[in-house]
Amino acid sequence: MVGDNRYNPSEVEKYWYEKWLESDCFHSKRYSGTPYVIVIPPPNITGYLHIGHALNNTIQDILIRWKRMSGFNALWVPGTDHAGIATQNVVEKELMKKGLTRKDLGREEFLKEVWQWREKYGNRIIEQLKRLGVSCDWTRLCFTMDKNFSRAVQTVFVSLYKKGFIYRGKRIINWCPRCTTALSDEEVEYSPYNGSLYYLRYPVEGGGFVVVATTRPETMLGDTAVAVNPSDGRYKDLIGKKIRLPFMNRLIPIIPDNQVDMKFGTGAVKVTPAHDPVDYAIAYRHNLEFITVMDETGKMNENAGIFRGIDRFECRTRIVEELRKQSLIEKIETYEYRIGRCYRCDTIIEPYISRQWFVKMKELAQPAIKVVMEGHLKFYPERWTKIYLHWLNNIQDWCISRQIWWGHRIPAWYCSDKACPPIISVETPKECSQCGCKNFVQDEDVLDTWFSSWLWPFAVFGWPEKTKDLEFFYPTSTLVTAQEILFFWVARMVIAGFEFTGKKPFESVYIHGTVRDETGRKMSKSLGNAIDPIEIIDQSGADALRFSLISLTAFGQDVFLPEKFHHKGRNFVNKIWNAYRYIEMLLEKNDCSYIEIDSVESFKDLRLGERWILALLNRKIVHITECLNNFRFNEAADSIYEFFWHQYCDWYIELSKMYHTKEPYLISRVIPVLVYLMVKLLKLLHPFIPFVTEELHSRMKKITNIEDAFITTSSWPSYSNVFDFDDSLELMDRIKEIVVEIRDLKTFFKIPVTKDLQAAYHGISLLDADEYRHMVEFLSGIKFQKADQIIKTHSKDEIVRSRGHGFFSIKLSGIVNIEAEIERLVNEKKKVLRVYQETENKLTNSAFLSNAPSKVIERTKKLRADLELELNKIEKNIKLLTGDVL
RNA sequence: AGGCGGUUAGCUCAGUCGGCAAGAGCGCUUCCCUUACAAGGAAGAGGUCGUGGGUUCGAUUCCCUCACCGCCUACCA
C-alpha cells in the first residue's frame, strides 16, 4: 500500500503550488468566455498574515476555484497596499535604531529607504498568502504605488479638483501628534476612557463666577468664549458679559448657543474653537477668534503663555494644580467617556485646526446610494445594506491630505514667490497663468492611502488608459471583505467606480465576520491573542486550516475560535487520505490497474448500495452548488464533510468490504463506483482543500481514465440523470436503521464483536430479499434465519428487539441482563408515548386538520402510524421479557 | 443616545419558507489497535432552544417586552 497512514501535507502543498504556477493554472484567458473576477483586498505591505486574512482569502479562493471549475474565465487579481502611515512608521522605527529621524535624511533619501524596505519586505505577506494556497493570477500583481497607479491617483485628483469636488481649507480635523499628520474621521478609533470631568470656575467681569465643565482643562488656554443655552434661565443675565480667562488674562464673551445641552455639566461650556469640532462650529456661528495652543507634536505652543513647551497631558496636570491654588476648581468628578485614538499608533487624537485638502462627498455619493437602493449592487448578508446607506446618507467631507512623505504626493503646485492659487496638474506646470512665474514648489503633503485604494477595482486594469483588460474584466464580480473596511474602502470604491468609470465596481459584496478569540476580542498581535495561521499551516497544512476556518464560520457571523479549531480540518483531510489508500489497496488486491469511470457499463444492473450512494451524490452536488451560490460556505463544507465521512466512508466503503477479492460484482461495479465517487468528491472538495485533492487527483489519474491534467482546471460536477435512484434512499435508510439497532443490541449486552451470532427475524419483509439480508448480516455481524415462531418461544438466552419494522431475536449462549433490557424498554416506551400523544393531539384537532398543509398532515399521520407500531412492539417486548406469554 | 448582531448540549457553533422524535465538531461514558484511517471504528448519555407576553391549528423560527454579552454609528463639553 502506498503512503503513510497519516497524511503529511508539507511536501504535497509545496509541490503542487509550484506545479500550478509552472503550468499557469491561475491565469485568466485574454479574452474569451464569461469572466468571473475578484480583486483582492490588498493587504498592507507591512503586514503579516493573520487569521483574518486567512479567512478572507480562503473565501475568495473557494469562489474563484469553484467558478474556474464551473467554466468561467476566472480571474483573481492580487496586490498590496502601500499603507502610508503604517509603512512610514515601520521605516522610521528602523531609522530610530540608528539614531536617525526622517528629517535627518530629508525627503528624497527617506523615500529611498522606504522603497528599499518595500523591496525587501513588501512581498512577505504575498508569500504567506501563497502558502494558504490562493489561486491568484500572480502575473497581475499590483501595488498601489506602481507608476500606473500613481498616474491614476493624480488623474483622479486633478479631475475632482476641476469639477470642484476637491478644495483646500482650514478646518478642524483629527490630528495624530505622534504621526504628526491629519487623519480622516474613519481613521480614528474610539474606546472608553476613564478620565475626569473638571469643573472650572471662570471669573465673570464685574463679579461672580461661571462654572464650566471640561475633560480637557489644558484647552482652556485657547478659549475664546463661554457658551450657554439661550433658554437657560440660570444664565440669562450673564449673556453678553465677559469672562477674564485665568492665566491668559484675556476677556472672552459669554454667548448664547442652542447647541449647548442645559442638562450636561453646569450648562455652561467653555469654547475652544481651534481644538474641538463642536466649539469650532459654535465659533464659526459667532465669529469668534481661533487660537491654536498646541504645536503639531502635542506640545503647548507660544499661545499657551507660561505653559509653552509643555506636553499636553503634563500641561493638564499643571493647569489643574494652578487652578486649585487659585481656588478656581469647583470639583473634579471621575468620568468615563469615549476617546479617539489613531488607528495606526493608538495615540490619543487631538482635534486640531489646520489647512488640509478635502473631498466634497455628498454629491459624489449619490450614484453609490442609488445603485444599492435599486438593487443593482447587493450585500451579503443583506443587513449591511442599511449600514452602508446610513453612512453614505450622512457622509462628511473627506480629509485626504496627510503630513507624511510615503504616498502619492498631492499634485498641487505653488508659485515660489507669489501667493497665486495653486496649479493642479499631473505634470509639473511650466508657467503660472496668473503671475507668469516659472518656479514652483509642490505641495508637501501626500494623499490618504485610501485615496488610492478606492480606485483599486479599475486601476488594476490600467485605468485611466482605456485598456482591453478594463473593457473585458471590469466591472468585477464579487468583493469579499470584512466589516471593518465597509466605509474606509467598500463604499468609497463604489463612489469612485461611478465617478471615474460610470459603472459599479462589482456586482455583489460578501461581508464575512471578524475572527475573535474565545472571549470575543478581536484577534490582534498587540493583544497577544492572535493565532498564527502560518504556524497552523506548518503543523497541519493549509488544507486543514482552510477547511476548519470555513466550517466554523457561519454566513456573515463573527467567528470565535477555540484553541484547537484546526483539528477538524486536519482530521478530515487525514480521513480523505486514508479513504484513498483503501481504494488503492483494493485495486491492488483485485489486480485492477485501470478503471474506466463514467462508462455506461459500470452503472448498469447496480445493487442497492451503489444506487444509493450515487443518488446521494447527485443530491449533494446540487446542494453544495446551491450553497456556494448563496455564499453559504460553512454549510457547503459541512455538507461535503458529512457525505464523505459519514456516508461514503462509514457506509459505502464498509459495504464494499462485503465482497470477496476478485468477485465479479466487486470488480465490475463496486470498484468503479468507489472510484467514481472519489473522483467527484475530490472535485467538490477542491475549492475548500485544494492541495490534498490535487495530490489524490494526480494519483487517481494513474489508475483511471480521467484526463484532466489538474483537478484545479477540471470541471465542477453536475447532476446526472443516470443516477435517478431516489427509491434507493429510503430503502437504504431502513437497512441502516436495522443495522444500527442490531449493533446497539450487541453493545448493550456486551456481546463481543467477533462472536458469530445466530439471529432470527420476523415481520421484516425487507430481509426476505437475499441482497438486503446479506447487507444487514455483513454490516451488523450476525447470521439470520427466518423464524416466524421466535416471538412465541422466547427463552432466557434469547433477546428480542424491534423497531418499526418487525422483530429480530438473537440467540445467546450466555446470560442476558433481562432487567436492564426491561428498564431500557420502559424508558423507551415513555419517550415514544410522549411523542405519540403529541401527534395524536394534533391529528384529533380539527383546526390543525383544516389549516395545516396536506403535506404536513400526511407526514404527521405517517409518524403516528410508525409510533403506534413501535409502541405495540415495545409493549409486546416487555411482556415477553417479563414472562407473559402472548 | 440610536442602530445592528448574539443568547440552542459541558465547550465552540449550525439550524434557509413557521410543521424534524432539534443537529454538528470537540469533550464525556462503554466497547474495539476488526489489514484505509486510534488524527480511527461501533454504540450511547447529554437540550424547558435567555425572560415574560402575543400572533397561529402549530413558534427554536414571526411580533412586542425585558435581561445579559458583543459590535457599529453619534458634536454632550
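The chains referred to below are lettered A, B, ... by the order of the sequence lines, with proteins before strands, and numbering in each begins at 1.
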Between B:A43 and B:G5, how far apart are the P atoms? Round to whole Å, please. 40 Å

Considering only distance and modelled atom types, tabulate donor-acceptor pairs under 3.5 Å from the side chains of residues 565-576 of chain A, sequence neighbours left out.
from	atom 1	to	atom 2	distance (Å)
A:Lys568	NZ	A:Ser551	OG	2.8
A:Lys568	NZ	A:Asp638	OD1	3.4
A:Asn574	OD1	A:Tyr7	N	3.0

Identify which nucleotide among B:A14, B:C76, B:A77 has an atom closest to any side-chain atom of A:Asn634, counting heavy atoms from C-beta outward. B:A14

Give the dot-bracket line for RNA chain B from 5' end to 3' end: parentheses for intra-strand Watson-Crick or G-U pairs under 3.5 Å, square brackets for crossings, | for inter-strand pairing, dots for unpaired. (((((((..((((.....[...)))).(((((.......))))).....(.(((..]....))).))))))))....

Rounded to the nearest Å, what distance is computed from the CZ atom of residue A:Phe633 to the C1' atom of nucleotide B:U16? 16 Å

Using the P atoms only, state how far B:G50 lies from B:G3, rounded to an integer number of Å. 23 Å

May I have the distance from A:Lys657 (atom NZ) to B:A42 (atom C1'), rounded to whole angstrom? 13 Å

Keeping the roles fixed (side chain from A:Asn194, backbone from A:Glu336), state whether a donor-acceptor pair exists under 3.5 Å. no

Closest listed nucleotide, where the reference is the side chain of A:Leu863 and the choices are B:A21, B:A42, B:G25: B:A21

Selection: residues 265-273 of chain A, any non-hydrogen atom under 4.0 Å of RNA chain B: A:Gly267, A:Val269

Check side chain to side chain donor-acceptor pair (under 3.5 Å) between A:Glu218 and all other residues, then give those that pass, not counting sequence neighbours. A:Arg316

What pairs of nitrogen or oxygen atoms, one from the protein and one from nucleotides 1-8 of chain B, lie under 3.5 Å apart?
from	atom 1	to	atom 2	distance (Å)
B:C4	OP1	A:Lys386	NZ	3.3
B:G5	O2'	A:Gln557	NE2	2.9

Between the base of B:A39 and the side chain of A:Arg570, is there a donor and acceptor pair under 3.5 angstrom? yes

Could you pull out the protein-nucleic contacts involving nucleotides 56-62 of chain B (nitrogen or oxygen on both sides, under 3.5 Å)?
from	atom 1	to	atom 2	distance (Å)
B:C57	O2'	A:Asn845	ND2	3.0

A:Glu654 has its side chain closest, among B:A74, B:A24, B:A36, to B:A36

Distance check, P atoms only: B:A39 and B:G70, in whole angstrom units. 38 Å

When rounded to the nearest Å, what value does the distance between P atoms of B:C32 and B:G25 take? 23 Å

Measuring from the side chain of A:Val835 (C-beta onward, heavy atoms only), which nucleotide among B:A21, B:G19, B:A36 has the closest atom? B:A21

Taking the P atom of each, how far is B:C26 from B:A42, in whole Å? 12 Å

Whole-angstrom distance between B:U60 and B:U55, as gauged at atom P: 16 Å

Which nucleotide wins on minimum distance to the side chain of A:Tyr337, given the candidates B:A77, B:U73, B:C75? B:A77

Looking only at atom P, what distance separates B:G54 and B:C13, rounded to whole Å? 33 Å

